[in-house]
Structure formats: structure tokens, C-alpha cells
There are 2 protein chains.
Amino acid sequence: MASSRRMGPQDSASSNALLDAAERVLRNEGYGAATSRRIAEEAGLKQQLVYYYFKSMDELLLAAFRRRTQRGLERLERNLAADRPVHAFWADYVGVDANLTFEYMALANRHEGIRKEIASFVNKARRLQAERIGRAYKEKNVGEDPASPAAIAFLMLGTSLLLRREAEMGITAAHKDVKALIDWFLAKFD
Amino acid sequence: MASSRRMGPQDSASSNALLDAAERVLRNEGYGAATSRRIAEEAGLKQQLVYYYFKSMDELLLAAFRRRTQRGLERLERNLAADRPVHAFWADYVGVDANLTFEYMALANRHEGIRKEIASFVNKARRLQAERIGRAYKEKNVGEDPASPAAIAFLMLGTSLLLRREAEMGITAAHKDVKALIDWFLAKFD
DNA sequence: GTCTATACACCGATAGAC
DNA sequence: GTCTATCGGTGTATAGAC
């Protein structure tokens, strides 16, 4: 039952404009607004062009997410080689858009491709971070009790996500305390 | 521009069936599927009855969320008076459906009522928890360094949310380590 | 590579009968 | 309290001309 529809190249100006537009719409309006009409409009293109460059809406959203994880992995590789990797991991997390991450995590509920891509990305990133944090522990003579390097990798993600998301919703209770705790922890690696 | 539409009571069998159905649909299929037709079908009712019991879909979703935060607040009140409140807070968080929480947090991006309800609930819960944890600190002679009671309240939420959500997506990296850290922390209050 | 035209399903919401 | 009927709008996706 293959369709006879023609398909355009995957790395053209228009297809990249659609990926950029998809990210903006997801971030600012939520995945409920991530429709072919709205995304094409945001990209300044006609709705039907979405189906020239992508097989379906699910494919477009998956492509947008894959591009994002690819970029995240490239930043991670750089941070693994940084002078102060633990500081670098944290700075990177704080710079990531938590709204967009939450949209993708909710979207994953009904999008198997995105769910698998998230699982693969998180598992890989956590393993790499935990290894690097373990080395930093030894270099700085930090004890693994009570928090192992893997636990720290997990806590950095969970804490940065909730901090950013809450801040965007106008919740600030305890945020000062949490940031002080992070600073205290990072200081072990100065 | 008030509509002449008749409205039904807010606590009838059918309206509660709609709230229950809305939660199931949100949890299992995401907010993209939370339509009047789908929710009515899930409740075994006709689509038009949604508009007899609720002014709009936004009102229905807000009512479902308010019922949920109300129940959460009631559990919190009980846990504040429990023998081991810190253990009780954690046990409650672990029992909460993280899928549903993520759906509401994503929904909050485009639903002002839900966003405000989340902010109000989280701020209130965090304040109450932080006060109670502070008292528990004193009772058990636990020092506030490096983590203040408020920071602990924040971390318990962030950690439980991510643990549950990741587990539902098939991510388990570092989870054993994190649970060990939680156990270590809770043991201070035995 | 982009356009017009269009199919068909589903959406929120309303009016009025029973 | 629930029903039938219905409106205008929007969704994904396709076909074929330019």
C-alpha cells in the first residue's frame, strides 16, 4: 500500500525551516498545536509542503527530536573533555529548554519512536556522565557515599528539569535553597 | 454573549464519570486524545452530555485537575500528622501516577487555569512539607547542611517524578543508586 | 519545488425535542 | 437528564498541474 507521493530531500532549506518551526510551536504552544497547518504557517510555507518533505506528522516530530538529541550528544561529548566536566554538565542542563523537554516527554506517551529515542539518549548520556563523574570523584578525592556518580547524573537531570519548568510556571519556592545545594556540591570539584 | 445552554449539577453520577474518564484518557492516551467525543465514549455517555455538565472542554479538564490536587492535599494533610512524615511524603509521591502529572504539566503550557492551579498547589505543598521536614530535622538532630528542609521537599518531588516517568519509558540507568540514596536519607528519620 | 484542489474524519459547541 | 441533528472549523493526507 505504498503511496506514490514524491518526497523531497532531507536537508534542504525548507525542510530545516519546518524542523525549526516545529520546535518553536512545540515549545511555545504545546504538542496539541503541533499540526501540519500551524507548523507550515510558522515556517512561512504551505501546509502541503510538510508532506513533500516528511512522510507524516509523526515523522516530522521524530526528525525534530532526533536533531535535538544529536545536538545534545555533541555538547555532551565536548563537556566530557572539559576542564570541569561536572560544572559543564550542569551548565548545559540549565541552558536546555525545559518546556520543550516536557512536551517531548508527554508526546512520548503516544509516540513510540520518540519514546525509544528518549530512552536510548538518556541511557547513553547517563552512562557517559556517570563514568566521567566517577573519574572526577577520584581526581578530587570525593567519597562516593552517599551519592554514587550515577545517582548524581540522575539528580542533575531531575533537578534542572524541575527547576526550569517550575520557574517558567511562576513557582519559586525552595529554588534558592536548591541552587545553594548545587553550588555546594559543585564546589567539591573546583 | 452568555449562551442559553442549560447546565447540569456538578456532583452527579454522570459528571463524576466524565471526570474519571478524562483522567483515564489523559493518562493512557495523552491530552491530544482528551476530546469531548473520546472522553464521553470512555464514560459510556454521549458527546453532547459533556456540554450539559461542563461549560467547555477547558472547564472539564480543569475540574478533573482540581479534583486531583484536592485529593493530593488531603493525603498531604494526613501525612503531615503521620508518625514518620518524611517517609510518608516519599511513599505518597511514589504512589502518584507520573504519566498523568507530565500530561498536566504539558497541558499547562496552553491552559492558564491548570498552570495557575499547579503553581498554587506546588507552592502550598512545598511550604507545608518544608515546615514539617524542618521539625523532623530537629526531632532527629539532623543538620540542615548541605540540604535545607525546603530543598529536600523539592528534591523528593523532582526525584520521584523522574524515577517513575523513566521507569515507564524503559529507562533504568542509575535507578538502583538513586533508590539507595533515598533509603540512606530516610534512615536518618527512623 | 511549490502550487491548487480536495477527500474524509474529527473537533468544539449549540439548539431544541423528548 | 438525555436525545437527535447540525454548524463551521480544522486535522491528516493525497493527486495532479505548473
Side-chain angles (χ1 to χ4, degrees), chain A residues 1-22 25-26 28-64 103 106-107 109-114, chain B residues 1-22 25-26 28-65 103 106-107 110-114:
Chain A
M1 294 316 249
S3 164
S4 65
R5 231 171 65 216
R6 286 184 298 141
M7 298 283 298
Q10 286 193 327
D11 195 22
S12 63
S14 289
S15 78
N16 283 323
L18 287 170
L19 294 179
D20 292 340
V25 170
L26 277 174
N28 299 326
E29 301 165 44
Y31 76 69
T35 67
S36 59
R37 290 182 208 267
R38 179 73 195 90
I39 288 172
E41 180 193 31
E42 179 74 19
L45 300 171
K46 295 277 177 182
Q47 178 257 345
Q48 293 89 334
L49 280 182
V50 166
Y51 295 93
Y52 175 63
Y53 289 104
F54 300 93
K55 280 196 296 190
S56 66
M57 279 304 296
D58 273 5
E59 286 289 320
L60 166 55
L61 295 175
L62 183 56
E103 285 299 327
L107 193 48
N109 262 347
R110 57 179 188 87
H111 193 312
E112 194 189 0
I114 288 183
Chain B
M1 299 308 260
S3 164
S4 66
R5 232 170 64 216
R6 286 185 298 142
M7 298 284 299
Q10 286 193 325
D11 196 21
S12 64
S14 288
S15 77
N16 284 322
L18 287 170
L19 294 179
D20 293 339
V25 170
L26 277 175
N28 299 325
E29 301 165 43
Y31 77 69
T35 67
S36 61
R37 286 174 167 81
R38 179 73 194 91
I39 289 172
E41 181 194 30
E42 179 75 19
L45 299 170
K46 296 275 179 184
Q47 179 255 347
Q48 294 88 336
L49 281 181
V50 166
Y51 295 93
Y52 175 63
Y53 289 105
F54 300 93
K55 278 195 296 186
S56 65
M57 278 305 297
D58 273 5
E59 287 288 322
L60 166 56
L61 295 175
L62 182 57
F65 186 66
E103 283 300 326
L107 191 48
R110 57 179 188 88
H111 192 312
E112 193 188 0
I114 289 184

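The sequence lines fix the lettering, A, B, ..., with proteins before strands; numbering per chain opens at 1.
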message: Of the listed nucleotides (D:dT12, C:dA13, C:dT4), which one gets closest to any side-chain atom of A:Thr35?
response: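 The answer is D:dT12, which lies nearest to the side chain.
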task: Among the candidates D:dT4, D:dT2, D:dA13, find the nucleotide nearest to the side-chain atoms of A:Ser56.
output: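 That would be D:dA13.
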- prompt: Quick one: are B:Met57 and B:Thr35 in side-chain contact, heavy atoms under 4.5 Å?
  reply: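 Answer no - side chains too far apart.
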Between [X] ([atom1]) and [N] ([atom2]), how many Å, whole number?
X: A:Tyr31; N: D:dT12; atom1: OH; atom2: P; answer: 14 Å
X: A:Leu61; N: D:dG11; atom1: CG; atom2: C1'; answer: 14 Å
X: A:His111; N: D:dT12; atom1: NE2; atom2: C1'; answer: 14 Å
X: B:Leu49; N: C:dA13; atom1: CG; atom2: P; answer: 15 Å
X: A:Glu29; N: D:dG11; atom1: CD; atom2: C1'; answer: 16 Å
X: A:Leu45; N: C:dC3; atom1: CG; atom2: P; answer: 8 Å
X: A:Tyr51; N: C:dT4; atom1: OH; atom2: P; answer: 18 Å
X: B:Tyr52; N: C:dA15; atom1: OH; atom2: P; answer: 16 Å

message: For a side chain to side chain contact (heavy atoms under 4.5 Å, CB included) check, start with the C-alpha distance between A:Phe54 and A:Leu62, then their side-chain angles and the critical distance, and finish with the verdict.
response: CA-CA 10 Å; A:Phe54 300 93; A:Leu62 183 56; over 6 Å; no
- prompt: Closest nucleotide of DNA chain D for A:Arg37 versus for B:Tyr53: which of these residues is on the 5' side?
  reply: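 By nearest-heavy-atom nucleotide position, the 5'-most residue is B:Tyr53.
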- request: Could you check B:Arg6 against B:Gln47 and say which one's nearest nucleotide on DNA chain D is further toward the 5' end?
  value: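 This one resolves to B:Arg6.
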message: If you compare every side-chain N and O of A:Ser14 against the phosphate oxygens of C:dT2 (OP1, OP2), does one of them come in below 4.0 Å?
response: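 Indeed, a polar side-chain atom of A:Ser14 lies that close.
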Check: A:Arg38 side chain, D:dT10 base, donor-acceptor under 3.5 Å: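 When only heavy-atom distances are counted, A:Arg38 does not reach the base of D:dT10 through any donor-acceptor pair under 3.5 Å.
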message: Once hydrogens and angles are ignored, does a donor-acceptor distance under 3.5 Å link the base of D:dA15 to the side chain of A:Gln48?
response: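 Donor-acceptor pair under 3.5 Å: no.
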task: List the steps, then state whether side chain to side chain contact (heavy atoms under 4.5 Å, CB included) holds for B:Arg37 with B:Gln47.
output: CA-CA 5 Å; B:Arg37 286 174 167 81; B:Gln47 179 255 347; 3.4 Å; yes
- request: Please report the C-alpha distance between B:Lys55 and B:Met7 in whole Å, then the side-chain angles of each, then the deciding distance to 0.1 Å, and finally whether the side chain to side chain contact (heavy atoms under 4.5 Å, CB included) criterion is met.
  value: CA-CA 8 Å; B:Lys55 278 195 296 186; B:Met7 298 284 299; 3.8 Å; yes
message: Mind checking if A:Ser12 touches a base, just sugar-phosphate, or nothing, with heavy atoms under 4.0 Å?
response: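 Since no nucleic acid heavy atom lies under 4.0 Å of A:Ser12, the category is nothing.
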task: Would you indicate whether A:Gln10, at its atom CD, is surrounded by more than 12 heavy atoms from other residues, nucleotides or ligands within a distance under 6.0 Å?
output: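 Open: at most 12 neighbouring heavy atoms sit under 6.0 Å from CD of A:Gln10.
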